[in-house]
Structures are given as structure tokens and as C-alpha cells.
Amino acid sequence: MPELPEVETVVRGLRPRLVGRRLARVETRRRDLRIPFSPRLAERLTGRRVEAIDRRAKYILMRLDGSETVLAHLGMAGRMTLRQRPNDPPGPHDHVVMTTDDGWELRFNDVRRFGLMILVSSAELERHALLADLGPEPLSKAFDAAVFEAAIAGRRTPIKAALLDQKTVAGIGNIYASEALFRAGVSPKRLALRCRGERADKIVAGIKSVLNDAIAAGGSTLRDYVQADGELGYFQQRWAVYDREGQKCPGCRCKGAIRRIVQSNRATYYCPDRQK
DNA sequence: CTACCATCCTGGTTGC
DNA sequence: TGCAACCAGGATGGTA
């Protein structure tokens, strides 16, 4: 479930094993992802040193020596796994396999092939089409109520849809959009332009708190951010409303049940009693 | 500018 | 048990 917190947890899992290491061997397997690999990706990665690993929205940025950066996205179903000297062969959905000079193996796995892994000039990274139009990082100081209000001003779209729009704020996906609005007490159907003042404050606070909690949960449930099976950053969390249609609204005395509606072809969950 | 829909893929779940 | 329909964490592009 790669939204921002999951990607952040993956990045934190990759860092201690990869930063400072050289990629001794890189193999691309299936190349027909929705967005194809950069030409000769494997050859261009081989022998490079990993300088840093960062995240922007739901993108993973693996900065290499030689002024190039691996830009990766997990799509709907992408995974990263990290194991030491594995003896099992890559599976059918392992599209990239990287082996470090000290024997760790990273596999980029994506059943649905909606993810991507390309190589971009580090100098042009911010201007790259995939990153250029992204809104602010929700956990940064730069993202506050004033910035948020400006971003949604005049927009006659439901606030849930506005939160999914990566230009409004970057990294929120379908689960955390519902969860943030629940925390804020704002109906997902409310028009964005009607979310000013206190509501904007609460939505911003709801976004930050739910993302921080999810990151903390990811970190706390994983040892060194790598599970025994090599899986990075996927943790179980009980959502307050997501996927809980018909259940009681948690932690409050409202008599209503959580409702599921469809907005922009995506499921939205909310408590009609608590969210106005 | 907006809503709405289809599309890219595969696999797990649900319902008949 | 078999099989088809439906659903899924993302993002884009077309149409009205």
C-alpha cells in the first residue's frame, strides 16, 4: 500500500544497507512496465555508488555518484525487498535486481507493473516532468494552513478529490485522504473552496498527524525497517474508517456507522455524524 | 476549470 | 468447485 508513509518507511529501510555501497551487479528483467526503464538502465547503474536515498511525494530518489539519480515509484502494488546473499531466484514480478558490493540484494517487485524506475540527471531532477508539478510535502513546515488554503481556493471539487490531487499536496493517497478528513471532522463531499479557516487548520493537522502516526507505526513494527522476508515498509495498521464500511465510528459516541461512497471512481470512507 | 470515465496490469475475493 | 464479476494503495488522458 504505497502512499507517503509506506514510501518513507521503504526509504528508511533502504538507507542503512545501500547508502555508501556500490551496485556491483544490476539486472533488469521484464522491461515492459507501464513506463519503461531508461535505456540500458542496468549497465548505467552497475558500478555506481549510492550517495543518498530520499523521498519526494511517493517517489524514491536514489542519488548516485556521477550526477544521476534513480527515480522510482511503486505504483499500486510495487514492493522493495532487501536480503543478504539470498539463494532463491527472482520471481516473475521481480523486475529489477541490484546487488551491492557487500552482498545485499534489492529487488523491485511490481505485479501490476504500474510502477517505474528511471535514471534522471540529478541537476534536472526537480524540473523533471514527473516531479515538476508536485505540491508541497505535507510534513514540511512549508505546508501550513495558509499554503493549503491558497492551493484549494476557488476549487469546486470535493475536498477528498483535492487531497488526492498531487498538485494540492504531494503524497496523499486514497487511504490517508479518508483518514485525514476523518481526523479533521470534515466531510469528504465538502467542496474544497468551502474548507477555509478552522476547517483548513484541522485538515492540515489531520494530514500531518495521520501521516506521522503511520510512519511511526511502520518504524515500530519493523526491525531495522526490514522484515524477515525482506519486505520493506509494509505494516499493519488499523484504520479508523478506511475499509470499515458499516462498522461503528471509533472512539466516539455518535450512533452512526461508517459509510462508503464512491468519488472519482475511488472508494471513500467517512462518518457522516462526525464529518460535516 | 470541473466531473466523470476509461486505461494501464494482475491477482485476490465475492457471489451465483 | 467453477467461473465471472468486481475490486484494489496510482496516475494520466480524453470528453463533455
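Chain identifiers are assigned alphabetically (A, B, ...) following the order of the sequence lines, protein sequences preceding nucleic acid strands; residue numbering begins at 1 within each chain. Because only heavy atoms are used, hydrogens play no part in the values below, and waters and symmetry mates are left out as well, while side chains stay in.
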**Request:** Might you point out which heavy atoms bring A:Ile258 and A:Val241 nearest each other, and give the distance in Å?
**Result:**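 That closest heavy-atom pairing would be CG2-O, 3.8 Å.
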**Asked** What heavy-atom pair brings A:Ala177 and A:Lys160 nearest, and what distance separates the two atoms?
**Response**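 Taking A:Ala177 first and A:Lys160 second, the nearest heavy atoms are CB-CD, 3.7 Å.
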Salt bridge or not for [X] and [Y], using N-O below 4.0 Å?
X: A:Asp110; Y: A:Arg34; answer: no
X: A:Arg259; Y: A:Glu245; answer: no
X: A:Arg29; Y: A:Asp94; answer: no

**Prompt:** Within the side chain of A:Gln263, is there an N or O that forms a donor-acceptor pair under 3.5 Å with the backbone of A:Ile159?
**Reply:**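 A pair under 3.5 Å: no.
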Sort me out a list of protein N/O and nucleotides 3-5 of chain B N/O pairs below 3.5 Å, or just none if empty.
unit_1	atom_1	unit_2	atom_2	d
B:dA3	OP1	A:Arg156	O	3.2
B:dA3	OP1	A:Thr157	OG1	2.9
B:dA3	OP2	A:Thr157	OG1	2.5

**Request:** Please measure how far the P atom in B:dC5 lies from the corresponding atom in C:dC7, and state the result in whole Å.
**Result:**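 Between the two P atoms, the distance is 13 Å.
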**Asked** On a whole-Å scale, what distance lies between the P atoms belonging to C:dA5 and B:dT7?
**Response**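 Looking at atom P only, C:dA5 and B:dT7 are 16 Å apart.
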Kindly give the atom pairs (protein nitrogen or oxygen, nucleotide nitrogen or oxygen) under 3.5 Å for nucleotides 8-10 of chain B.
unit_1	atom_1	unit_2	atom_2	d
B:dC8	O2	A:Arg34	NE	2.9
B:dC9	O3'	A:Arg113	NH2	2.6
B:dC9	O2	A:Arg112	NE	2.8
B:dT10	OP1	A:Arg113	NH2	2.3

**Prompt:** Does B:dG11 have a Watson-Crick or wobble mate here (both distances under 3.5 Å), and if so which one?
**Reply:**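 Its partner is C:dC7.
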**Request:** Give A:Tyr242 one of three labels, base, sugar-phosphate or nothing, depending on what nucleic acid heavy atoms sit under 4.0 Å from its own.
**Result:**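 Since only primed, P, OP1 and OP2 atoms lie under 4.0 Å of A:Tyr242, the category is sugar-phosphate.
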**Prompt:** A:Thr168 and A:Arg155: side-chain donor and acceptor closer than 3.5 Å?
**Reply:**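 Checked: A:Thr168/A:Arg155 side chains pair up, N/O donor to acceptor below 3.5 Å.
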**Asked** Strictly by modelled atom types, are A:Arg17 and A:Thr100 linked by a side-chain donor-acceptor pair under 3.5 Å?
**Response**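 No pair is found: no donor N or O on one side chain lies under 3.5 Å from an acceptor on the other.
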